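Excluded from the calculations below are hydrogen atoms, water molecules and symmetry mates; all remaining heavy atoms, backbone and side chain alike, are included. All values derive from a computational prediction rather than experimental measurement. Each chain gets a letter, A, B and so on, in the order its sequence line appears, and its residues count up from 1.
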Amino acid sequence: MEYNHKDIEAKWQQYWKDREIYKVNVDSSRPKFYVLDMFPYPSGAGLHVGHPLGYIASDIFARYKRLQGFNVLHPMGYDAYGLPAEQYAIQTGQHPEKTTSENIARYRSQLDKIGFCYDWSREVRTCDPKFYKWTQWAFQQMFNHYYDTAENRAMPIEKLIAHFEANGSQGVNAAQGKELDFTAEQWKQMTDKEKSDTLMNYRIAYLGHTMVNWCPKLGTVLANDEVSEGVSLRGGYPVEQKLMYQWCLRVSAYAERLLRGLDDIDWTDSLKETQRNWIGRSEGAEMRFKVAGSDVELEIFTTRADTIFGVTFMVLAPESAYVSQVTTPEQKQAVEDYLNEVKHKTERERMIDKKVTGVFTGSYAINPLTGKEIPIWVSDYVLAGYGTGAIMAVPAHDSRDYAFARKFDLPVIPLIEGADVSEQSFDAKSGKMINSCGPELDLNGSEVKDAIARTKQFISEKGIGKVKVNYRLRDAIFSRQRYWGEPFPVYYKDGIPHMLPANQLPLLLPEIDQYLPTEKGEPPLGRAKNWQTPEGYPLELNTMPGFAGSSAYYLRYMDPHNEEALVSPEANGYWRDVDLYIGGTEHATGHLIYSRFWNKFLYDLGKVVADEPFRKLVNQGMIQGRSNFVYRIKDTNTFVSAGLKDQYDVTPIHVDVNIVSNDILDTEAFRRWRPEFNTAEFILEDGKYVCGWAVEKMSKSMFNVVNPDDIVERYGADTLRLYEMFLGPLEQSKPWDTNGIDGVNRFLKKLWKLYADGVSDDPASAASLKTIHTLIKKVTSDIEHFSYNTSIAAFMICVNELTAQKCKSREVLEPLVIVLAPFAPHIAEELWHTALGHDTTVCDATWPAYDEAHLVEQEVTYPVSFNGKARFNLTVPAAMGKDDVIAAAMANEGAAKWLEGKQIVKTIFVPGKIVNIVVK
RNA sequence: GCGCACGUGGCGUAAUGGUAGCCGCGCCAGACUUAGGAUCUGGUGUCGAAAGACGUGGGGGUUCGAGUCCCCCCGUGCGCACCA
C-alpha cells in the first residue's frame, strides 16, 4: 500500500480533536513544562511557509517533553490588536473586529493542517474583552503604584502619600520624573489638581509631558522600538519629535532589575547583549555648574569626571528648560531662530545631515574646580531625553565636542599625555593625565581610571555633584491616537484622571462610525457616542499600544477563563513561568523588554511567583524567499535562459516560483501565467529554460511566497514539518527552497515501506539494536540542543540501515515510532495503531532510554598517524588496552616504513579514536 | 563609530581539538521498466591516468594533531548609534 498522507493526516487530526488529546490541566503529581510560541498578529496575507518554522520547533519540543512524562502546557492565541486591520478599516469601512476574526479563522485552518499539539481550549485573543479586562486591570495597578528605590520594588501610592503628609518630599525614595522639593505643609495646601500632578511624577503609569515620536501619516505616537532610522517600522512613514501629554509607563524604574535579570536566564548572548545595549547603563557623575551673574545652576551628567579641567564650553539641548533661563537679551533673537530651525527638522533629517550647528546663549558657566568662566551654547547634538539635557564639553577627548569646538573656534585643551589633538579628538579611556591641576585637586600623572574615581570622590565631598548611574532606556509611551486597541479604564473629573472602579472593567471598546480622528483632531474614540461614565464624566480618548496586550498573555494561558483574576495563585503556582519560549529576534527591544517589565511589576505585587517570565528563549531564524528570474530580451517577448543571458541585452523579471522546479521553468505554465506572456518565445540551453535566482524577503511582489497549505496538500504535514527542520540550524536565517523536499518525503515513504508487511515479535539482531540505540541517543541529545536538522539526518540513516538489515522486529520499530512522533506525529500515530497494534495515542507512550551496551563496538578501526598524518588503518578488538594497541600498530608492516631510522618521541592514544606516534 | 554573530563542494549543510565534507538536493552512470513529479544500485571537493598532492575567507601562533583554540586582517549579516 502506498503512503497516503492525506488519509492518514486527516484521520489522526480528527482523532486528536475528538479525544481532546492535547488538553491539559493542573496536575501536581507530575512535573510541568511550559512551551510557548510568540503568538502571531493575524495579517490578511495568511501564513507563508516561514511562519510555522518556530511553531514546528516548539511543537517538537512540547511533544518530546510530554513523551518524557511532563505535563506540558502548549497554548496558542492571537495578538489581535494592531495597525493593519485599522488601516484597512479606514479604507473600506469594514470593522477591524470583522477583518481580524476572518484572518484568525484563516490562520487557524492553516495551523490545524500542520498537526500542532496546542491546547486550543486555552486560546486567547488580545482584542477579546475577557482578555483585555486584565490588560486594563494591570494598567490601573501601575497607576496605583510607585517604584520604591529603597525597597527596590513597586509599592502602593498610598505609602508615598503618607510620606508626603508627614515629611513632604524630604527623604523620599522613589523613581521619579524630576526632583521635586516641597514640605509636608506645602503638600497639604496643594489643590487636588496639584496633588494629582505631583503624584504623576512618581506613579508607574503616569500622564506626562514628554517628547514623543509623532508619526503624522499614521496619526499616532510610537514607542522607541516602533521607530527605526527616523521612520515608523510599520509603513515606513517619517516620524518627528513632538512634546505631548501622554500616558507613560515608568519602565526606566526597572532598568537595573531588567539588566541584572539577564544574568540568570538562558537566552542567547547576542539577544542579552541587544537588551543590555538597549538598557544602556552608564556610570558617571552629575555635577552642578554655577552660571555667572545668575542664581541658575546647570546640572550635567558625565562619565568622564576626570576631564573637568578640559571643559572649554557647555552645551544645552534645544528642548532644555535651561535655555530660556540662561539666554541673555542680546542673544535672545539668535537663540529663538536656532530653536525654530531645529524644531522644523524631523528626526530623520537631523540624522541625515550631521551638520554641526549651534548658538551661543550669551551666558557663562563657572568651572567649579578652576573658577574659570566658560561659554554656554545650545546645540541639537545634545539630547534632551538623556541625562540632564546639558553637558560639559571636553573637545580634546570627545569627537562630537571636538567637531563643535572646531566649527565655532572654541579652545581645545589636551588632558592625556601624548594625545595629539591637532586633527582629531583623543577618545581613548586610558593614559596619564596632564593639565589637570586646580587649587584643590591635582590629577596630573594619574591614570584615567584613578582620575575618574578621585574626581567623583572630590565632587561628592565638596557637594559639587554626586555619583550617578544613567540609563538609555526610556519610559514607554503608552497612548496611541488610534481606534483598534484597548481603551484606557480612565475618566476625567475636573481635569484630574481617575481610574474606573474595578467592577466596571472591562471598559468595552465603543462602536464608531468612522475610524478617523475627529474634526477637532481628537483620537477616533472622540466619535463614540456617550463615551462617558454613568455619572457623565468623560472617558479617555486614547487607546493602548500593541505591546499592552502581549505583555502578560503567557500568564493568561495558565488560567484563561478565570473571571476573578488574571491568573489564580493555584494555576500560577503550578505553571510558574515559560520554560521554553520560541520566537523571532525582532522583539528583542520591544515585547521582550515590556513583558519582563510587566512581569516584574506583577511579581512586586505578589500576583505572580516568578520574577523572570521566560526561562529559556530560542530565536528561530527568518525564512527568506528564494526568488526566480526570467530574462526578457529588451523590446521583445523572447526570454533567454540564464546561462546565455550575457550575450543579450536583457531585463530580469520575477517569475512565480511555483511554476519553476529546480530552477527549470515550466514554459507552458509561464505562457499561461499572465496574458502578456502567452506568446512568449524561449531561447533554451540543453533543451531547458534555466532561471536565475536570488534570496529576497518573502513577499507577493517578488512572486516567491510559498504557502504551507500547498506543501501539505502535495507532500503532507509530516513532510512539511521534517523539511522545515531539515533546512538548517533553527537559529539561522535561510531561504526557503522547495527543491530538496523530495529527500525527506522519500524518507517517509521508505519508513512506510519498512512497515509494509507488519512487524514481527522476533528478537532483533545486534546490528539492528545498535542502529536503533544509536538513533535514540542521537535524537535525545539533538532535541535538547535544538539541533533538529541533524536528528532528521539520523532518522534517514536509521531507516536505511534497518531496511538493509531487513529488520521487522517490534523491539526496534516501536522505539523508532516513539522518537519519530514529535517530528512526524501523523505517520507515527498511524504506525503506532496499525502496524504496532496499540489502541491508545502514541502521545502517551514513554520516551525510550538508550542502552550503551548495544552501542559497544566489538572491533575498532584506528587511523594510525605518524606526526599527526594518518598513514594506515588498524582494526583491533574494542576492549584492547592502550599499550597493546600501540604494540599492534608498531607491529603492522606499514609501520616499518615510517619508523625507519627514526626515534619515537611519544605515543598518543585516544580510546576508540586515534593512535598517533610522534617520531623525529 | 561601538557591540554581537558568521565565513566549509554546484546548493542546503555535518564534524566532544583526532581520517574534513555525515545527511539531503542537484548532477553522472546503471537496473527495473513500456514514460513516472515512481522505485532501486553505484559514483560525485580540486588537480592527477595512477600513486599521490592540495584543500574549511587571508596571514601568523599554540599543539604530536586546528574547520574547531589564540592574535591580526578581509568579507557578510544583525543590533545600537550624536547616550556625553
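Between the side chains of A:Tyr322 and A:Glu299, no donor-acceptor pair of N or O atoms lies under 3.5 Å. Looking only at atom types and distance, the side chain of A:Asn619 has no donor-acceptor partner in the side chain of A:Thr585 under 3.5 Å away. Under the 3.5 Å distance criterion, with hydrogens and angles disregarded, no donor-acceptor pair is assigned to the side chains of A:Ser282 and A:Asn470. A:Asn745 and A:Thr719 share a side-chain donor-acceptor pair at under 3.5 Å. Side chains of A:Tyr338 and A:Thr357: a donor on one and an acceptor on the other come within 3.5 Å. Counted by atom type alone, A:Thr268 and A:Glu731 present zero donor-acceptor pairs between their side chains at under 3.5 Å.
Here A:Pro729 lies in heavy-atom contact (under 4.0 Å) with sugar-phosphate atoms only. Contact annotation for A:Ile391: base contact, defined as any heavy-atom pair under 4.0 Å involving a base atom. A:Arg626 comes within contact range of no nucleotide atom at all, as no heavy-atom separation falls under 4.0 Å.
Separation of the C1' atoms belonging to B:rA53 and B:rG36 is 44 Å when rounded to the nearest angstrom. Annotation: B:rA15 and B:rA84 have their P atoms spaced 41 Å apart (nearest Å). As rounded to the nearest Å, B:rA81 and B:rC2 have C1' atoms that lie 8 Å from one another. To the nearest whole angstrom, the two C1' atoms, one in B:rG43 and one in B:rG7, are 30 Å apart. Taking the P atoms as reference points, B:rG65 lies 14 Å from B:rA20, given to the whole Å. Comparing B:rG9 with B:rC72, their P atoms sit 25 Å apart, to the nearest whole Å. Of the C1' atoms belonging to B:rU62 and B:rC74, the separation is 23 Å, rounded to the nearest Å. Comparing B:rU8 with B:rU46, their C1' atoms are spaced 14 Å from each other, to the whole Å.
Contact of the A:Val412 side chain with the A:Arg406 side chain is registered, since non-hydrogen atoms from C-beta on lie closer than 4.5 Å. A 4.5 Å side-chain heavy-atom check between A:Lys778 and A:Tyr850 finds every atom pair outside the cut-off.
Relative ring orientation between A:Phe823 and A:Tyr788 is described as perpendicular, the plane-to-plane angle rising above 60° on a 0-90° scale split at 30° and 60°.
Side-chain N or O atoms of A:Asn739 include one that pairs as donor or acceptor with a backbone N or O of A:Asn662 at under 3.5 Å.
Of the candidate nucleotides B:rC22, B:rC4, B:rA81, B:rA81 has the atom lying nearest to any side-chain atom of A:Arg472. Closest to the side chain of A:Lys753, from the set B:rA84, B:rU39, B:rU13, is B:rU39. Here B:rC4 is the nucleotide among B:rC4, B:rA84, B:rA38 with the atom lying nearest to any side-chain atom of A:Glu273.
In this structure B:rG9 sits in the syn conformation; its chi angle is within 90° of 0.
Secondary-structure stems of RNA chain B, taken as three or more successive Watson-Crick or G-U wobble pairs (i with j, i+1 with j-1) under a 3.5 Å distance threshold, comprise B:1-7 with B:74-80, B:10-12 with B:23-25, B:26-31 with B:39-44, B:45-47 with B:52-54, B:57-61 with B:69-73.
Distance CD (A:Glu801) to C1' (B:rC22): 12 Å, rounded to an integer number of Å. Atom C1' of nucleotide B:rG79 and atom CG of A:Leu271 are separated by 10 Å, given to the nearest angstrom. The nearest whole Å value for the distance from the CG atom in A:Asn745 to the C1' atom in B:rG36 is 14 Å. Distance, A:Leu259 CG to B:rC80 C1': 15 Å, rounded to whole Å. B:rU13 atom C1' lies 15 Å from atom CE of A:Met725, rounded to whole Å. Straight-line distance from the CG atom of A:Asn470 to the P atom of B:rA84: 8 Å, rounded to whole Å. What separates CG of A:Asn628 from C1' of B:rC11 is a distance of 13 Å, to the nearest Å. Atom CG in A:Leu754 sits about 16 Å away from atom C1' in B:rC40, given to the nearest Å.
Proximity of A:Tyr381 to the phosphate of B:rA84: no side-chain N or O atom is located under 4.0 Å from OP1 or OP2.
Each salt bridge (charged side-chain N to carboxylate O under 4.0 Å, His left out) pair with one or both residues in residues 736-748 of chain A, not counting sequence neighbours, appears once here: A:Arg626-A:Asp737.
Of all heavy-atom pairs between A:Glu685 and A:Leu644, the closest is CB-CD1, 4.1 Å. Summarising the geometry of A:Cys798 relative to A:Ile772, their closest heavy-atom pair is SG-CD1, 4.4 Å, with the distance given to 0.1 Å.
When the nearest nucleotides of RNA chain B are assigned to A:Lys778 and A:Glu2 by heavy-atom distance, the more 5′-ward of the two goes with A:Lys778. Heavy-atom distances to RNA chain B give each of A:Thr585 and A:Leu727 a nearest nucleotide, and the one nearer the 5′ end belongs to A:Leu727.
The stretch residues 277-284 of chain A comes close to RNA chain B through A:Asn277, A:Trp278, A:Ser282, each having a heavy atom under 4.0 Å from the strand. Less than 4.0 Å separates RNA chain B from at least one heavy atom of each of the following residues of residues 780-791 of chain A: A:Asn789, A:Thr790.
Salt bridge A:Lys688/A:Asp663: absent, no basic N to carboxylate O contact under 4.0 Å. A salt bridge does not link A:Glu2 to A:Lys749: none of the charged nitrogens lies less than 4.0 Å from a carboxylate oxygen.
Within a 6.0 Å radius of CE in A:Met880, more than 12 heavy atoms belonging to other residues, nucleotides or ligands are found. Around NZ of A:Lys770, the count of heavy atoms belonging to other residues, nucleotides or ligands within 6.0 Å does not exceed 12.
Annotation: cation-pi geometry not satisfied between A:Arg596 and A:Trp278 (NZ/CZ under 6.0 angstrom from ring centroid, within 45° of ring axis).
A:Tyr715 and A:Tyr723 have their aromatic ring centers separated by at least 6.0 angstrom.
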Could you go over nucleotides 24-32 of chain B and give all protein N or O partners under 3.5 Å, atom names and distances?
{"from": "B:rC25", "atom 1": "OP1", "to": "A:Arg746", "atom 2": "NH1", "distance (Å)": "2.4"}

Report, one pair per line, the protein and nucleotides 16-20 of chain B atoms (nitrogen or oxygen only) whose separation is under 3.5 Å.
{"from": "B:rG18", "atom 1": "N2", "to": "A:Asn916", "atom 2": "ND2", "distance (Å)": "3.2"}

